[in-house]
Amino acid sequence: MTQITMEDVSKYFDDGETVANYRLNLEVEDGEFIVFLGPSGCGKTTALRLVAGLEDPSEGAIYFDGQRVDGRSPSDRNVAMVFQNYALYPHMTVAENVAYPLKIQGVPPDERDRKVEEAMSFLHIEDQADKPPAELSGGQRQRVALARAIVREPSVFLLDEPLSNLDAKLRQEMRSELKRLQDELGITTIYVTHNQEEAMSMAHRVVVMNRGTIRQVAPPGELYSRPRTEWVARFIGSPPMNLLRGTRQNGSIEFGEAGSVDLRRTSPGGLETVPRGTVSLGVRPEDITVETDPPSGTAAIEGTVDTVEPLGEYTIVNVAVADQIVNAKVSSTSVDREDRVYLTFDDDDAYLYDENGELLS
Amino acid sequence: MSLRDHIDALEADGVAWPDVDRRKATAIVVFLVPGLTLFGIFSVGPIVYSAVGSFFSWDGFTIESFTGLDNWIRTFADPLIVNWDNILRWRFPMGALTQNLLWVVLHVPISTLLGLGMALLFVDLKGRRILRSMVFLGFTTPTIIIGLVLMFIYDPQAGIFNELLRVIGLGGQVRNWTQSPQVAIYALIAGGIWVQTGFNMLLYSSALAAIDPSLIESAKVDGAGRWRRFWDITWPLVRPVTAVVVIMGIIWVMRVFDIVYAAGGSAGGPNHAYSVLGIEVYRAAFEPPIDYGKAMVVALVQLVIVAPLALYIARMN
């Protein structure tokens, strides 16, 4: 198996006019399942293609197990890749598709047949062997692409948004299938997606990317509970974290007529580290409690209910606080539009970001 | 209950659908009549007329008496159509049919390979649009002009081809290429290839553009080198286009006329050295002594070779 290192890797297109990736630094452990997560156009697919060898870095170096591989062809790196549209060869049958990498490697026919059969039964597509890809459903095509990728026992497994063309139910099914596959094979895997649910549910660590750079690398739990920047905080979670702009004044953050929050709550003992001026207070919607009476003894943010969205499993209450909307995710509520409400939250659930969007506490 | 019973039952119920069908049929006929009339007058009519006429003797353009296979036997025995003696000695003229088939054998594979080669070359090249347009220009130029251009290119004094020979030290090979019986046909075929290559390149370019780039990349990741990628992925995917290119090439070459006429006039070169079937039809039909029967037979021979190919293309998916 393989450990991957990216060292200050940048990729420019159009003679440097377009920056696809800028100074990526990343260590992927042997057997790790890493997910590149970010919005469209953030450079995650280019980063994957750099690892695959389909693109060469403009600057920086890529190492597989300490050996520099940038400049080497994809076949020299022993990587397998599953493309977004599966890239099945339309003129070959399913079995021929799966056998193709082995054929290229010059594996003898007997062994090739055995391995193809193994890979196909592993992915439950034995009975599709003689069909052309055009006759398969999306899910079956996906399995063929996976079988073709695992058949040659690669040292690195690269997946480029492999589930984005499937319907919701199938996506969920394939998600657990992929996780099982990775667990059983233990192959170092890099998976690209813009879907945070996929990322959070599958990854050992998530690499959050935006505008060609890495914003945070963390296990899903940490990414959720300690987003290092405002951008990541906004990107992870559904609905995303509420970020309330306020002004830091002596010992508290003022939100105008909506009230204030005592700074000692969010930054115990570290008051002096919090700069004066504009800061953002971040609270996840599920950590907010909506109350109709002013709570006693604890500071609360005051607002007016804008809309109530009952979604069955939970209800989202959108509250207008000063000129911002705050989402609260509650199990049930009796509040109505235009009601005056008080939002409270635990000290541990609040995050403070400075003007540049960096986490303060 | 059989289908017939069903229909009978429907009719008995007084359902009005047969009326609707008749109205539809009328509309279809009305729309088809203009097209079918033109098709009848300009395609079916002449074919039937020639097929029938080829079994009669003619005095100028006037049909005379039924002569059976006489026109056919006379045509195939004519050394201007097939010259067996010269074929065996590989000397031109070998007859228009043989020469026309030689066009097919040389022109079609070479222009097909060149078209594919150029399309592949232009896939990743900068300025490919300009280059592609330049190559395609050959196809958009009227073939009679191509014929005249060839005359200039091959001119013994001012021609660029002979000049090139002199520059690379092959001055001994300098000659009037279109008037040298034993080599002229190759010089003309080269011109024909120039024309057809542009068209073939365009067809292949669009076929290549239609190939999903991730297929090629996937093959790259699978470990396939440049040649394997071409042979295993690209070639099978452009094969249907190859069928079209080859058949269109054969059809074009079997009907070739202008280039030959421009270079060698209605005789098809000195002593008919590079005459083709089209030239023979023209001479038999429009130049004295007029031999209308022969013209019809030669035209039908062209048709018999081309029609099945055209039919194949028309039926392709």
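In what follows, chains are A, B, ... by sequence order, proteins preceding strands, each numbered from 1.
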- Item | Nearest non-hydrogen partners of A:M92 and B:I233, listed with the distance | CE-CD1, 4.1 Å

- Between OG1 of A:T46 and NZ of A:K11, what distance do you get to the nearest 0.5 Å?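 Here the interatomic distance stands at 8.5 Å.
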
- Item | Point-to-point distance, once rounded to the nearest 0.5 Å, from CG of A:N85 to CG of A:N165 |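 A:N85 CG to A:N165 CG: 7.0 Å, rounded to 0.5 Å.
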
- Message: Is A:L88 close to chain B through its backbone or its side chain, or both, or neither, when contacts mean heavy atoms under 4.5 Å?
- Response: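 Looking at A:L88, just its backbone touches chain B.
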
- Message: Counting only non-hydrogen atoms closer than 4.5 Å, does A:R77 touch chain B with its backbone (N, CA, C, O), its side chain (CB onward), both, or neither?
- Response: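 A:R77 has no heavy atom closer than 4.5 Å to chain B.
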
- Task: Answer with side chain, backbone, both or neither: which region of B:L237 has an atom nearer than 4.5 Å to a non-hydrogen atom of chain A?
- Result: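 The answer is the side chain of B:L237.
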
- Not counting sequence neighbours, list each pair that qualifies as a ring-ring contact (aromatic ring centres under 6.0 Å, His included) and has a residue in residues 84-112 of chain A. A:Y89-A:Y100

